[in-house]
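What you are looking at is a predicted structure, and each value in this text was computed from that prediction instead of being measured.
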Amino acid sequence: VHAMSANSYPVAEAAATEFDADLVYQITALEDIDACVGSTHTGPKRVICASQPLLDRYLAATREPPELAGLIRPGVVCTSEPTCFLETDRDPTLLTTADLVPHAGVDQLIQAVALLRDRGHQLLAFLLGGGPEEHRLRELCQRLKLAATVVFAQPAGTALKAMVGADIFVQPGVEHAISARSLQALGQGMAVVGVRGGVHDAYVPDETALLVERSEASLLADAIEQLLKNHARAQALAEGAIAHMKKHHTMSAMAEKTGAVYREMALHRATFPLPRRSG
């Protein structure tokens with residue numbers, strides 16, 4: 001039984017107990033660590049962490065043997081080359097898929113866009129997330145006179161399609177869970193701006209992304225401005241991100257490593273007949 005998140009752990013534990021099955025805990029968020037460490041399940045289990053920071057935090061929080069936990073990074077689809085700033089006859093485009101919830105940093109990003117406008121930059125910012133803060137954030141855009149610059153949009157289809165052709169992807173807050181969309185952005189040829197800390201290890205400073213110290217409008221604006229002024233650097237970051245994702249986040253490696261965990265657990269349960277001695 002493979003439990004994919006903290007919300008599924010109780011059901012997965014009950015199923016594993018009922019059918020005498022091995023249990024795999026998937027950890028992709030800080031809340032998963034708390035739930036896994038607090039579990040009272042006593043059957044055979046393994047723990048798979050989606051990033052090195054999550055694995056380190058899990059091992060620091062548990063008394064379980066370290067060999068029961070491992071690192072398997074999610075696989076993502078990658079493009080072959082950078083796609084940012086290839087079209088010079090249009091305004092640069094910026095997008096974020098951050099949820100519109102408190103403390104996600106989207107309000108700081110909106111204020112950063114206002115700062116960039118005041119510095120003379122023309123760009124379009126697309127907010128692809130949803131959530132309870134949308135009304136408040138729309139009001140913020142109106143106060144800052146950004147109605148023509150900031151677009152609230154729910155993409156038709158997947159967010160991956162919306163990323164094609166965009167120039168800059170911004171993750172404006174510290175991430176407490178591995179985001180598939182952030183990983184996809186790194187593999188889709190955009191220049192990425194993020195915030196230090198959190199659970200991702202795919203954000204390698206100045207190699208795969210520009211990182212700021214805090215979710216703060218002025219810091220986000222400065223980082224974005226660097227890319228707006230230096231397209232060659234933006235494309236170099238995008239190139240580095242694609243190379244990193246192809247090395248560390250392939251679909252084949254994710255499948256092979258997960259299969260290896262399953263095979264190891266199955267092997268522990270297997271019984272092998274011994275040949276009878278003749279005579």
Side-chain angles (χ1 to χ4, degrees), residues 1-76 97-106 129-133 171-184 194-203 211 213-215 248-249 251 253-270:
V1 180
H2 197 138
M4 299 304 296
S5 66
N7 290 336
S8 69
Y9 290 174
V11 174
E13 290 167 353
T17 300
E18 178 68 23
F19 296 103
D20 190 27
D22 294 346
L23 181 60
V24 176
Y25 291 93
Q26 184 82 40
I27 291 181
T28 61
L30 294 179
E31 67 175 355
D32 296 344
I33 295 176
D34 295 335
C36 189
V37 172
S39 168
T40 58
H41 182 72
T42 57
K45 69 178 182 181
R46 291 290 188 277
V47 175
I48 294 175
C49 296
S51 73
Q52 189 63 51
L54 283 171
L55 177 59
D56 292 342
R57 291 191 185 213
Y58 171 76
L59 292 176
T62 186
R63 296 181 180 179
E64 295 284 353
E67 59 268 21
L68 295 184
L71 170 64
I72 301 179
R73 294 184 174 95
V76 297
T97 58
D99 292 330
L100 308 184
V101 296
H103 313 300
V106 179
E133 289 289 284
Q171 176 52 49
V174 175
E175 293 178 275
H176 301 295
I178 295 293
S179 166
R181 292 177 173 182
S182 296
L183 294 177
Q184 289 168 343
V195 181
R196 289 185 187 273
V199 298
H200 270 289
D201 56 7
Y203 294 150
L211 299 183
E213 294 296 329
R214 300 177 303 282
S215 179
H248 297 287
H249 289 268
M251 294 288 191
M254 178 182 68
E256 289 170 5
K257 291 179 179 180
T258 303
V261 172
Y262 291 169
R263 288 191 293 272
E264 180 186 353
M265 298 181 79
L267 186 61
H268 286 165
R269 283 181 172 265

* **CA sep, side-chain torsions, deciding dist, call: His200, Leu183, side chain to side chain contact (heavy atoms under 4.5 Å, CB included)** => CA-CA 9 Å; His200 270 289; Leu183 294 177; 3.6 Å; yes
* Asked: What do the steps show when you test Val47 against Val24 for side chain to side chain contact (heavy atoms under 4.5 Å, CB included), and what is the final call?
  -> CA-CA 6 Å; Val47 175; Val24 176; over 6 Å; no
* Asked: Can you list the steps and then say if Leu267 with Glu264 is a side chain to side chain contact (heavy atoms under 4.5 Å, CB included)?
  -> CA-CA 5 Å; Leu267 186 61; Glu264 180 186 353; 5.6 Å; no
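The minimum heavy-atom distance linking Ser215 with Val195 is given by the pair N-CG1, 3.9 Å. Closest approach of Ala266 and Asp22 over heavy atoms only: N-OD2, 4.5 Å. Here the shortest heavy-atom pairing between Asp32 and Ala6 reads OD1-N, 2.9 Å. Taking every heavy atom of both residues into account, Val101 and Pro132 meet most closely at CG1-CD, 3.8 Å. Across all non-hydrogen atoms, the minimal contact from Tyr58 to Ile33 is N-CD1, 3.9 Å. In terms of heavy-atom proximity, Glu13 sits nearest to Leu23 at CG-CD2, 3.6 Å.
A donor-acceptor pair under 3.5 Å is absent between the side-chain atoms of Asp99 and the main chain of Gly129, judged by distance alone. With hydrogens and angles disregarded, a donor-acceptor distance shorter than 3.5 Å links the side chain of Ser8 to the backbone of Ser5. Counting only distance, with no hydrogens or angles, the side chain of Ser51 and the backbone of Asp201 share no donor-acceptor pair below 3.5 Å.
Separation of atoms OG (Ser39) and CD (Glu64) is listed at 8.5 Å; rounding is to 0.5 Å. Rounded to the nearest 0.5 angstrom, Arg263 CZ and Thr258 OG1 are separated by 10.0 Å. Once rounded to the nearest 0.5 Å, the distance linking SG of Cys49 with CZ of Arg73 reads 11.5 Å. Rounding to the nearest 0.5 Å gives a distance of 6.0 Å between CG of Leu30 and CG of Leu54. We find the OG1-CD distance between Thr97 and Gln184 to be 8.5 Å, quoted to the nearest 0.5 Å. From Glu133, atom CD reaches atom NE2 of His103 across 8.5 Å, with rounding to the nearest 0.5 Å.
Around the CZ atom of Arg46, the shell of radius 6.0 Å holds more than 12 heavy atoms that belong to other residues, nucleotides or ligands.
Inspection of the His2 and Tyr262 side chains reveals an N or O donor paired with an N or O acceptor under 3.5 Å. When only modelled atom types and interatomic distance are considered, Gln171 and Tyr203 share no side-chain donor-acceptor pair under 3.5 Å.
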